[in-house]
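One-based numbering, in listed order, for ligands and for the atoms of each. Quantities reported herein were computed from a predicted structural model and do not represent experimental measurements. Worth knowing before you read on, the calculation uses all heavy atoms, side chains too, and leaves out hydrogens, waters and symmetry mates.
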Amino acid sequence: MLAPSSLPVAFACVCGIVVAYTLRRKHIRELNWKRRISIKKISPHSDMGQSFGLDIGGTLSKIVYFEQAPGVTSRPRAKSHVLAAQEVSRFVKSSDNYGSSGVRDTRLSVTSETLGGTLHFMHFETRKMEGAVSQVANHSLSQSLRVVSCTGGGAHKHLQYANLIHEIAGIEVRKEDEVACLVRGLNFLLNVFPNEVYTFVNVDFGSLSATRMSLVRDNTDEDIFPYILVSIGSGVSVLHVTGPGKFTRVSGSSIGGGTYWGLCRMLFECTTYDEALDLCVHGRNASVDMSVGDIYGGAYEKFNLPATTVASSFGKMISVERAEVSDADIARSLLVMTTQNIGLIAYLNACIHGTKRIFFVGNFLRHNKISCRTLAYAINFWSKGEMKAHFCRHEGYLGALGAFLSQAPDMPCNP
Ligand SMILES: Nc1ncnc2c1ncn2[C@@H]1O[C@H](COP(=O)(O)OP(=O)(O)O)[C@@H](O)[C@H]1O
Ligand SMILES: CC(C)(COP(=O)(O)O)[C@@H](O)C(=O)NCCC(=O)O
């Protein structure tokens, strides 16, 4: 215990430490600031940041990069800008993988004459943000990036990521609204890429576990509005879109992609999301779920419920032992349960808003044909063929694309 007479001395010491710490932080900030100033003095035309859009989600961070084709701009470009653009392009295209989780989705790159260049799509795990930003800084790319448009919760999260990006790479983050970016991204894709949207045909069969649906390209609708847009990321957002830039967030659900991945990680020995998704492919949810047939001995015909309809997700596990079902069966049941719940919310919202078209997007659907088919079947079944589920090739990149477009007013077909 301190004697009362020593309290002023202790107080003075504490104040001294606080002042010294504050001055040191200020000194570090000033050093960083000076570093940034020297970095930024390349040329007034050298900001490559406008070629990027960033979406920092709860699980994944998505990047869209627009590589302008040489010689398409009418505006003269400073030599430093041309060199910076070449350097950025070289880095992006140097590999399909960056660091421990970065991926360039090469199959999604689109070169378009209308756009005058190529759009590239990349993602990495949000929890690896520091490493990702360091890579950008280490490759001196940040010298030509000043301001990058950024959306997703991470753009707002106590400015945590914004500060990190600023401190490590000297890049300023311009916040854009997530929902507005999502809608902007989708409307752009619908305008520009004829093969963007697909749907499933022959969904009229009795079993959810059957997957005899074929894919068809579907950009034929002249008037795409109104539609329901369901974004299945970590959680789920449901939007009612009535025109370019006209939308309301009408619903949401906490049971989304994060639920499937989180539960798989907890229950099974999956160390990556891809392992969790692969696991369910050969599983049978019928071993785990209680079907209408299990309860009725067949279909519940009065209400048109086929025998194979899931009556109770995980319902069989009240009597079946854990050892009798495989991890794959449980994972499949989890995937179907998560997906059907999202489908039902989407369908009910489409009913409330009198909308026949439902777009399902978000990285939960990435490489996940089981969920896409389940959604297509379920929407067709519940709506008695009146409504249709639509899917997008660039399903996970709408937000990042919208962020890019928000600072690219000259981009053709920018809604
Ligand atoms: N490589 C991956 N790592 C983690 N989750 C992935 C991956 N690929 C797809 N997913 C799925 O996508 C979901 C995240 O979707 P996304 O649209 O990027 O949302 P968010 O913006 O919340 O990160 C995850 O919860 C998971 O279900
Ligand atoms: C908060 C979110 C908009 C964040 O988007 P995400 O990173 O999941 O793509 C989304 O997770 C959501 O809408 N969750 C559901 C909230 C609700 O119950 O309405």
Side-chain angles (χ1 to χ4, degrees), residues 53-64 96-105 107-108 121-129 132 150-157 161 175-183 185-186 228-240 247-266 270-280 331 334-339 341-342 344-346 348-349 359-372 375 391-403:
L54 176 61
D55 174 4
I56 308 177
T59 308
L60 295 176
S61 290
K62 282 77 63 179
I63 302 171
V64 164
D96 301 350
N97 294 284
Y98 320 86
S100 59
S101 79
V103 172
R104 179 161 63 100
D105 269 314
R107 77 195 159 97
L108 295 181
F121 300 87
M122 292 153 278
H123 67 262
F124 62 90
E125 289 178 28
T126 298
R127 65 196 174 98
K128 307 269 172 70
M129 180 63 78
C150 178
T151 190
H156 300 261
K157 194 179 174 185
Y161 294 121
K175 281 181 280 174
E176 303 289 345
D177 177 68
E178 171 171 4
V179 171
C181 284
L182 208 60
V183 174
L186 177 58
I228 292 287
L229 174 56
V230 183
S231 169
I232 319 176
S234 306
V236 181
S237 277
V238 182
L239 317 168
H240 180 219
F247 55 85
T248 329
R249 186 181 182 280
V250 289
S251 190
S253 170
S254 61
I255 300 174
T259 314
Y260 178 71
W261 177 202
L263 282 171
C264 279
R265 206 172 149 261
M266 225 172 61
C270 305
T271 50
T272 66
Y273 177 76
D274 290 346
E275 278 171 31
L277 200 56
D278 288 347
L279 181 62
C280 72
L334 202 53
L335 190 84
V336 171
M337 182 180 75
T338 306
T339 306
N341 191 60
I342 295 166
L344 189 60
I345 293 169
L348 293 175
N349 275 287
F359 284 92
F360 290 97
V361 299
N363 273 317
F364 176 62
L365 300 176
R366 178 185 149 82
H367 296 163
N368 181 359
K369 285 288 167 276
I370 299 172
S371 290
C372 292
L375 287 168
F391 304 90
C392 294
R393 286 182 65 230
H394 294 85
E395 70 271 282
Y397 289 101
L398 271 49
L401 190 57

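- Residue nearest to atom 8 (N) of ligand 1, selected from Phe364, Tyr397, Tyr273: Tyr273 (by heavy-atom distance).
- For an aromatic pair to be called close, the ring centres must be under 6.0 Å apart, and Phe247 with His240 fails this.
- Between Val183 and Leu229, the closest side-chain pair of non-hydrogen atoms falls below 4.5 Å.
- No option in Arg366, Lys62, His123 other than His123 meets the side chain to side chain donor-acceptor pair (under 3.5 Å) test with Tyr397.
- Using cut-offs of 30° and 60° on the angle between ring planes, the pair His394 and Phe121 is tilted.
- Val230 and Ile228 make their closest contact through CG2-CG2, 3.9 Å (heavy atoms, listed as atom of the first residue, atom of the second, distance).
- Using a 4.5 Å cut-off on side-chain heavy atoms (C-beta onward), Phe360 and Leu365 make contact.
- Scanning for salt bridge (Lys or Arg N to Asp or Glu O under 4.0 Å) contacts around Glu176 gives Arg174, with sequence neighbours left out.
- Looking only at heavy atoms of the protein, atom 2 (C) of ligand 2 is closest to Ser237 OG, 4.4 Å.
- Near Gly362, the atoms of ligand 1 lying under 4.0 angstrom from a non-hydrogen atom of the residue are 17 (O).
- When Val103, Asn363, Asp274 are checked for heavy-atom proximity to atom 17 (O) of ligand 1, Asn363 turns out nearest.
- Between Thr59 and ligand 1, an N or O atom pair is found at a separation short of 3.5 Å.
- Contact atoms of ligand 1 toward Gly258: 25 (O) (distance under 4.0 Å to a heavy atom of the residue).
- The closest protein non-hydrogen atom to atom 27 (O) of ligand 1 is Gly257 O, 3.0 Å.
- Applying the 4.0 Å criterion to heavy atoms of Gly58 picks out, from ligand 2, the atoms 7 (O).
- For atom 15 (C) of ligand 2, the closest heavy atom belonging to the protein is Ser253 O, 3.3 Å.
- In this structure, a donor-acceptor pair under 3.5 Å is present between the side chains of Thr126 and Ser61.
- The shell of residues lying under 4.0 angstrom from ligand 2, judged by heavy atoms, excludes Ser231.
- In terms of protein heavy-atom proximity, atom 18 (O) of ligand 1 is nearest to Lys62 NZ, 2.8 Å.
- Of the heavy atoms in Val236, only backbone atoms (N, CA, C, O) come closer than 4.0 Å to ligand 2.
- Side-chain contact check for Ser100 and Lys128: at least one donor-acceptor pair (N or O, by modelled atom type) lies under 3.5 Å.
- Side-chain N or O atoms of Tyr260 include one that pairs as donor or acceptor with a backbone N or O of Ala276 at under 3.5 Å.
- Below 4.0 Å from some heavy atom of Gly58 lie the following atoms of ligand 1, by number and element: 20 (P), 21 (O), 22 (O), 23 (O).
- Residue Trp261 has at least one heavy-atom neighbour below 4.0 Å for each of these atoms of ligand 1: 4 (C), 5 (N).
- Under a 4.0 Å criterion applied to the non-hydrogen atoms of Ser234, ligand 2 contributes the atoms 8 (O).
- Counting heavy atoms only, Ser234 comes closest to atom 22 (O) of ligand 1 of the residues Gly233, Gly57, Ser234.
- Given atom 4 (C) of ligand 2, the protein heavy atom at minimum distance is Glu178 OE2, 4.0 Å.
- Using a 4.5 Å cut-off on side-chain heavy atoms (C-beta onward), Glu125 and Thr59 make no contact.
- Protein heavy atom at the shortest distance from atom 19 (O) of ligand 2 is Arg249 NH2, 3.1 Å.
- Put simply, the side chain of Val250 does not reach to within 4.5 Å of the side chain of Leu239, judged on heavy atoms.
- The protein heavy-atom contact nearest to atom 8 (O) of ligand 2 is Gly235 N, 2.9 Å.
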